Asker: 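Shown below is the structure under consideration.
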Amino acid sequence: MAYSEKVIDHYNKPRNVGAFGSSKEVATRKDIGVGIVGAPECGDVMQLQIKVSDSGVIEDAKFKCFGCGSAIASSSLATEWIKGKSLDQAMGIKNTQIVEELSLPPVKIHCSVLAEDSIRTAIADYKKKNGLLAEATEGAAH
Amino acid sequence: MTLKFPIYMDHAATTRTDPRVVEAMLPYFTEKFGNSASRNHKFGWEAEDGVEHAREQAAQLIGADAKEIIWTSGSTESNNLAIKGAAHMYARAAEGQRGRGHIITAAHEHKAVLDPCKRLIGEGFDVTFLTPPPDGVITRAMVEGALREDTILVSIMWANNEIGTINEVSEIGALCHERGVIFHTDATQWVGKMPTNVDADNIDLLSWSGHKIYGPKGVGALYVRRRKPRVRLEAILDGGGHERGMRSGTLNVTGIVGFGMACELCQKEMEGERERLFKLRRLLETELMSRLEGVQINGHFDRRLPHLTNMSFGFVEGESLLMGIKDIACSSGSACTSASLEPSYVLKSLGVGDELAHSSLRLSLGRWSSEEEVRYAIDGIEKAVNHLRTMSPLWDLHKEGIDISKIQWQAH
């Protein structure tokens with residue numbers, strides 16, 4: 001399968017790879033929202049962590065991904081796009097925008113769906129930790 | 001020696017045609033172009049000579065008589081002819097029962113065996129698909145346990161195409177002969193690489209293909225035993241009655257000549273080649289396992305083809321790994337590399353977990369594989385696995401001491 005240049009670029013130079021601490025550490029940090037979606041037996045696991053400022057802006061984001069090149073590129077791109085955005089703005093990112101940006105073929109659309117889900121799940125996690133649960137239900141439901 | 005890219009390490013998929021094979025084929029395109037069935041002129045005789053010489057070469061490689069070789073278009077056709085042809089010829093019901101007979105095969109056979117068997121189920125045959133053990137080796141005892149009064153055919157491959165494991169073929173053949181059951185083996189990955197003797201190994205029907213043994217694509221052979229027992233097959237292709245009526249159609253003379261030459265070369269060079277490739281594979285496996293943790297060899301460690309390895313690199317997904325070693329041509333059991341988006345059914349059938357299939361890489365060496373190429377592959381794979389592990393959330397969890405199989409994943 002031929003990959004688009006943008007996918008290859010993200011694969012070779014993934015943006016914002018990492019985590020803000022071990023899974024235990026970030027679980028207790030209120031300024032961090034964590035979204036882990038997918039499953040190893042399905043061949044895709046995405047982990048997105050967002051660091052949210054007091055004013056509700058995503059000031060930093062980190063990702064890790066077990067998955068194909070398109071999954072890595074989708075999650076890498078997601079971190080680029082959500083940085084500097086408010087939670088509501090980040091919630092507005094659609095998987096179709098990721099498909100378009102990375103020129104993903106139809107068989108890889110699920111990678112972009114996972115990336116969108118990881119954003120929503122991370123935001124929901126942040127809201128849950130900060131007692132903003134009512135608003136979060138919509139984002140968490142899938 | 002300077003390396004040429006991309007490096008080919010997918011010899012289980014297909015092989016480069018040996019230039020000596022091509023040379024043998026060339027006159028049959030432009031000069032000796034006759035139809036081997038033309039009995040009354042020189043063009044026909046020359047073509048026939050080429051075909052019959054190739055039949056001798058093919059028969060010799062497997063210890064058969066030339067009369068027992070049927071030309072086909074490849075292993076898929078050979079398997080179809082063997083399985084459907086034998087089933088239709090020997091169809092019978094158990095005493096006092098309905099049905100057309102029972103067939104035994106295994107769940108990790110090639111699709112060219114599984115799908116003909118599935119079609120026969122639709123025609124009223126009963127098929128047992130043996131579940132392989134985690135080491136992938138089908139034993140005589142497993143087949144024995146599945147044999148029934150109405151079993152007419154057993155089809156067990158000699159060596160598996162994905163993991164290279166070697167089944168107990170001679171033993172299963174002996175069992176079938178004791179019980180009067182026809183025994184077919186898909187030997188596509190075996191013949192030409194490993195010594196084969198259809199008499200000593202108790203084979204009734206054996207499929208193999210030209211392009212896996214440094215011959216051309218589109219040509220294969222089926223060995224059909226003529227004595228003790230004499231095996232009969234119902235043809236799939238009817239027509240001019242070629243190949244003793246078992247496979248009609250004008251013969252692919254150029255392909256067959258190439259197939260014959262490929263068999264002769266394999267016979268001559270097999271022993272040295274086998275030894276050399278085994279050493280290269282051992283280098284590949286031991287280096288990768290010493291440099292990287294979380295690496296597993298899939299299938300039985302000893303009962304394996306010497307030139308093939310199937311390894312799982314834990315916490316790394318196969319397609320992304322292939323992307324990281326794009327100058328090495330090989331394959332993965334990952335879902336993303338298959339059209340169906342399903343991980344390898346062969347690895348799944350071993351019951352070793354889907355994530356291992358997603359993380360698997362099959363590397364298969366061949367006649368021109370060199371130590372330089374293998375060393376390059378080792379470095380490339382090590383680098384790619386490490387690069388991907390820095391990105392892998394599963395690797396982090398593993399490093400934190402968390403058992404990934406115990407986590408409740410949000411499956412999609």
Side-chain angles (χ1 to χ4, degrees), chain A residues 1-3 7-8 10-19 21-27 34-49 62-73 75-76 79 105-111 113-114 116-118 120-121 124 140 142, chain B residues 294 312-326 331-344 347-348 352-360 383-385 387-412:
Chain A
M1 186 180 307
Y3 295 98
V7 169
I8 293 169
H10 278 283
Y11 174 89
N12 288 331
K13 290 174 286 177
R15 329 291 198 255
N16 309 305
V17 175
S22 72
S23 56
K24 276 189 196 124
E25 286 160 16
V26 293
V34 180
I36 301 180
V37 295
E41 63 267 26
C42 303
D44 290 299
V45 176
M46 273 183 202
Q47 173 186 295
L48 179 69
Q49 298 186 350
K62 298 275 185 205
F63 90 91
K64 291 249 168 172
C65 178
F66 164 85
C68 65
S70 302
I72 291 169
S75 35
S76 169
T79 60
V107 294
K108 296 296 183 190
I109 286 173
H110 72 278
C111 298
V113 174
L114 271 184
E116 184 189 311
D117 281 355
S118 71
R120 288 167 175 266
T121 312
H142 185 67
Chain B
S312 289
F313 298 88
F315 322 107
V316 165
E317 195 277 330
E319 186 188 339
S320 63
L321 182 52
L322 290 182
M323 220 175 145
I325 49 168
K326 58 184 185 307
S331 64
S332 166
S334 144
C336 289
T337 60
S338 74
S340 62
L341 290 184
E342 277 294 316
S344 154
L347 292 173
K348 275 178 80 164
V352 289
D354 279 12
E355 55 268 40
L356 235 48
H358 286 293
S359 300
S360 74
K383 203 174 143 209
V385 168
H387 172 62
L388 290 164
R389 281 182 176 168
T390 62
M391 281 190 245
S392 170
L394 304 181
W395 176 247
D396 285 353
L397 292 170
H398 167 71
K399 283 284 166 191
E400 284 180 38
I402 296 167
D403 184 351
I404 289 160
S405 63
K406 301 265 158 44
I407 296 176
Q408 284 276 325
W409 294 99
Q410 186 198 327
H412 218 55

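Throughout, a chain's letter reflects where its sequence line sits, starting with A, and its residues are numbered from 1. If you're wondering where the values come from, they're calculated on a predicted model, not measured in any experiment.
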Asker: Main chain of Thr390(B), side chain of Lys64(A): is a donor-acceptor contact present, judged purely on distance under 3.5 Å?
Answerer: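 Yes; judged by distance alone, with no hydrogens or angles, the pair exists.
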Asker: Could you check which of Ser23(A), Ser75(A), Ala71(A), Gly69(A) has the highest count of heavy-atom pairs closer than 4.5 Å to chain B?
Answerer: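 Heavy-atom pair counts peak at Ser23(A).
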Asker: Is chain A contacted by the side chain of Leu397(B), its backbone, both, or neither, given a heavy-atom distance below 4.5 Å?
Answerer: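 The answer is the side chain of Leu397(B).
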Asker: So what's closer than 4.5 Å to chain B heavy atoms on Val17(A): side chain, backbone, both or neither?
Answerer: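 Interface part for Val17(A): side chain.
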Asker: Heavy-atom pairs under 4.5 Å with chain A - which of Ser392(B), Ser320(B), Pro393(B) has more of them than the others?
Answerer: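 Of Ser392(B), Ser320(B), Pro393(B), Pro393(B) has the most heavy-atom pairs under 4.5 Å with chain A.
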Asker: Could you state the interatomic distance from CG (Asp44(A)) to CD1 (Ile72(A)), rounded to the nearest 0.5 Å?
Answerer: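 If we round to the nearest 0.5 Å, Asp44(A):CG and Ile72(A):CD1 are 10.0 Å apart.
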Asker: In chain order, what residues pass the side-chain contact (heavy atoms from CB on, under 4.5 Å) check against Lys383(B), with sequence neighbours excluded?
Answerer: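 Partners of Lys383(B) by the side-chain contact (heavy atoms from CB on, under 4.5 Å) criterion come out as none, since no residue qualifies.
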Asker: Going from CZ on Arg15(A) to OG on Ser76(A), what distance comes out if it is rounded to the nearest 0.5 angstrom?
Answerer: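 Interatomic distance, Arg15(A) CZ to Ser76(A) OG, rounded to 0.5 Å: 5.0 Å.
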Asker: Checking Ile407(B) against chain A: side chain, backbone, both or neither under 4.5 Å from a heavy atom?
Answerer: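 The answer is neither part of Ile407(B).
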Asker: At a heavy-atom separation under 4.5 Å, does Ser359(B) approach chain A through its side chain, its backbone, both, or neither?
Answerer: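 Side chain of Ser359(B) only, per the 4.5 Å heavy-atom cut-off to chain A.
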Asker: Can you tell which part of Pro14(A) gets under 4.5 Å to a heavy atom of chain B, answering side chain, backbone, both or neither?
Answerer: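 Just the side chain, heavy atoms under 4.5 Å.
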Asker: Supply the atom-to-atom distance Leu114(A) CG to Lys108(A) NZ, rounded to the nearest 0.5 angstrom.
Answerer: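 One finds 11.5 Å between CG of Leu114(A) and NZ of Lys108(A).
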Asker: What pairs with Lys24(A) under side-chain contact (heavy atoms from CB on, under 4.5 Å), at least two apart in sequence or on another chain?
Answerer: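 Checked Lys24(A) against side-chain contact (heavy atoms from CB on, under 4.5 Å); matches are Ser22(A).
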